[in-house]
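To start, the structure itself, in structure tokens.
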Amino acid sequence: MGSPRWKRLCLLLLLGLTFSIILYGHYYATLDSSTGPRTASRLLQQEMVRVPPAEIFQGARNHGLTRESVVKSGNPTKESPKQENMNPTKKKSSLCPWSLKSKVKMDPTFGKQFDFDIPVLMWEQRFTPETWDRLKERNVPCGWRGLSYGVIASTVRLLNDSADSRLFAMTGSPDSCIRCAVVGNGGILNGSCQGKEIDAHDFVFRINGAVIKGFEEDVGTKTSFYGFTVNTMKNSLIAYAEYGFTRIPQGKDIRYIFIPSDIRDYLMIKSAVLGIPVPEGNDKGDKPQKYFGSEASVGKFKLLHPEFLHYLTERFLRSEILNTQFGHLYMPSTGALMLLTALHTCDQVSAYGFITENYKKFSDHYYEREKKPLVFYANHDMLLESELWKSLHRVGIMKLYQR
């Protein structure tokens, strides 16, 4: 009797031990599977928070520029949807809570007009066969119709650094907001005392005949970007030399924004990057160093994308002039293109020296000794631009200096 009972007791103890081991293993297996993802998620969140400031700032500065990439062999490729979704620019609004983008999104009209994913600058990776085929059908400045493929290709391929695809360098505080002042040359600035306010911005854009000496109190002294076409730059140096505009702004930190209105602009930027005289065309033999300085490196030059200029013209400044005999001459003014460039790349934009409703009260330019009326030419629609600035100011997307 004792022996069978002992055997049954041992069997029960063995079954109990086995069952305990099974439960113990199942418990820890479940614990590992349930806590593992949470731990990984927590680590991933920490990695996102600890992204180096330079990388965060790159996202803040890229401003949603659509990328078209080209492999080394020259065969065009497109970014996959996954890569596009990883665009760090999408985090921009969280880095600058009061960015003008938020105002744009809230406005029923401008919310449809603005496209912050449009490429602002042209550079090597955006020069694809598809881009050439599309833009060769459009006239300058919105395309390359009638222009030499060799000149366009050889120029754009010199802009082969990722820095050429954005206006702002990857420096500064990752959570800062980019405050920009765009300074036109309107007579409204004479006696304005806006110089200190202008210089307080992070970046200052100037255009064409930007006379500073003698007008520092009204227009400031800081220049971050100088925007122009070769034609407007040279005409300004001639027309405003008597007012002290004998050379365009120069300095280590100044960047030059070319508006490609003609083959001249492509030839000039190519020669400037290479440090050689212009080889052909209207400016043949001209030395870019006399305009941009002897130490001008490729990083100092930016080229607006013709696609961007087409978008600006169609969405914001499509003038009735296009339907007239002067339609082939029309393009938005240099000031308008610089202001709209800032509105697509900065977080806060203030415009000074631009046309306002009471423009007749002021001289054409702030540096003129005697009052000269604003003259309207067939190649620009200044009244259309005036209406645009007034509307953008009214809804709070930008600040327009008025008096």
Is the side chain of [X] donor-acceptor paired with the backbone N or O of [Y] at a distance under 3.5 Å, no angle test?
X	Y	value
Arg206	Lys222	yes
His380	Met331	yes
Asp202	Cys180	no
His344	Leu340	yes
Lys103	Trp98	no
Glu385	Ser333	yes
Arg179	Ala200	yes
Asp107	Phe110	yes
Ser386	Met382	no
Asn190	Tyr366	yes

Under 6.0 Å from the [atom1] atom of [X], do we count more than 12 heavy atoms belonging to anything else shown?
X	atom1	answer
Lys287	NZ	no
Glu242	CD	yes
Phe376	CZ	yes

Hey, does [Y] have a side-chain heavy atom less than 4.5 Å from the side chain of [X]?
X	Y	result
Leu388	Leu317	yes
Leu303	Pro260	yes
Cys177	Ser99	no
Glu124	Asp164	no
Asp265	Ile259	no
Leu100	Asp347	no
Phe225	Val204	no
Phe205	Ile257	yes

Using every non-hydrogen atom in the two residues, find where [X] and [Y] come nearest and quote the distance to one decimal.
X	Y	result
Pro277	Gly285	CB-O, 3.9 Å
Ile263	Ser148	CD1-N, 4.3 Å
Phe354	Gly335	CE2-O, 3.4 Å
Pro288	Ile276	CD-O, 3.3 Å
Leu147	Trp132	O-CH2, 3.8 Å
Pro332	Ala336	CB-CB, 4.3 Å

Would you please classify the geometry between the [Y] ring and the [X] ring as parallel, tilted or perpendicular, with 30° and 60° separating the classes?
X	Y	result
Phe292	Phe258	tilted
His201	Tyr352	perpendicular
Phe316	Tyr311	perpendicular

Partners passing side-chain contact (heavy atoms from CB on, under 4.5 Å) against Ser154 (at least two apart in sequence or in another chain): Lys270

Residues which pass ring-ring contact (aromatic ring centres under 6.0 Å, His included) with Tyr367, listed by chain and number, not counting sequence neighbours: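 Residues passing ring-ring contact (aromatic ring centres under 6.0 Å, His included) with Tyr367: Tyr240, Tyr243, His365.
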
side-chain contact (heavy atoms from CB on, under 4.5 Å) between Met122 and Leu159, worked out: CA-CA 8 Å; Met122 171 58 77; Leu159 306 174; 5.6 Å; no

Could you tell me the separation between the [atom1] atom of [X] and the [atom2] atom of [Y], rounded to the nearest 0.5 Å?
X	Y	atom1	atom2	result
Tyr256	Phe301	OH	CZ	7.0 Å
Glu280	Ser271	CD	OG	9.0 Å
Thr313	Leu322	OG1	CG	7.5 Å
Asn139	Ser261	CG	OG	12.5 Å
Asn379	Phe326	CG	CZ	10.5 Å
Leu189	Ser363	CG	OG	11.5 Å

Stepwise side-chain contact (heavy atoms from CB on, under 4.5 Å) test for Gln194 and Ile188: CA-CA 11 Å; Gln194 295 298 300; Ile188 192 173; over 6 Å; no

Sidechain N-carboxylate O distance under 4.0 Å for Glu307, Arg126: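 Salt bridge: no.
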
Identify all side-chain donor-acceptor contacts of residues 207-215 below 3.5 Å with residues at least two apart in sequence or on another chain.
unit_1	atom_1	unit_2	atom_2	d
Asn208	OD1	Thr232	OG1	2.9

Any side-chain donor near an acceptor of the partner, Gln113 and Arg315, under 3.5 Å: no

Criterion side-chain contact (heavy atoms from CB on, under 4.5 Å) on Lys302 and Leu167, from CA distance to verdict: CA-CA 7 Å; Lys302 309 293 181 180; Leu167 283 183; 4.0 Å; yes

Stepwise side-chain contact (heavy atoms from CB on, under 4.5 Å) test for Arg145 and Arg138: CA-CA 5 Å; Arg145 179 179 287 167; Arg138 297 181 192 155; 5.8 Å; no

Set of residues satisfying salt bridge (Lys or Arg N to Asp or Glu O under 4.0 Å) with respect to Lys234, sequence neighbours excluded: Asp283, Asp286

For residues 392-401, run the donor-acceptor check on the side chains, cut-off 3.5 Å, and write out each pair with its distance to 0.1 Å, sequence neighbours left out.
unit_1	atom_1	unit_2	atom_2	d
His393	ND1	Leu400	N	2.9
His393	NE2	Gln402	NE2	3.3
Lys399	NZ	Glu197	OE2	2.7

Quiz: residues 246-254 side-chain donor-acceptor pairs under 3.5 angstrom, not counting sequence neighbours:
unit_1	atom_1	unit_2	atom_2	d
Arg247	NH1	Gln250	OE1	3.2
Gln250	NE2	Tyr291	O	3.0

Lys NZ or Arg CZ of Lys101 over Phe116 ring: under 6.0 Å, within 45°: yes

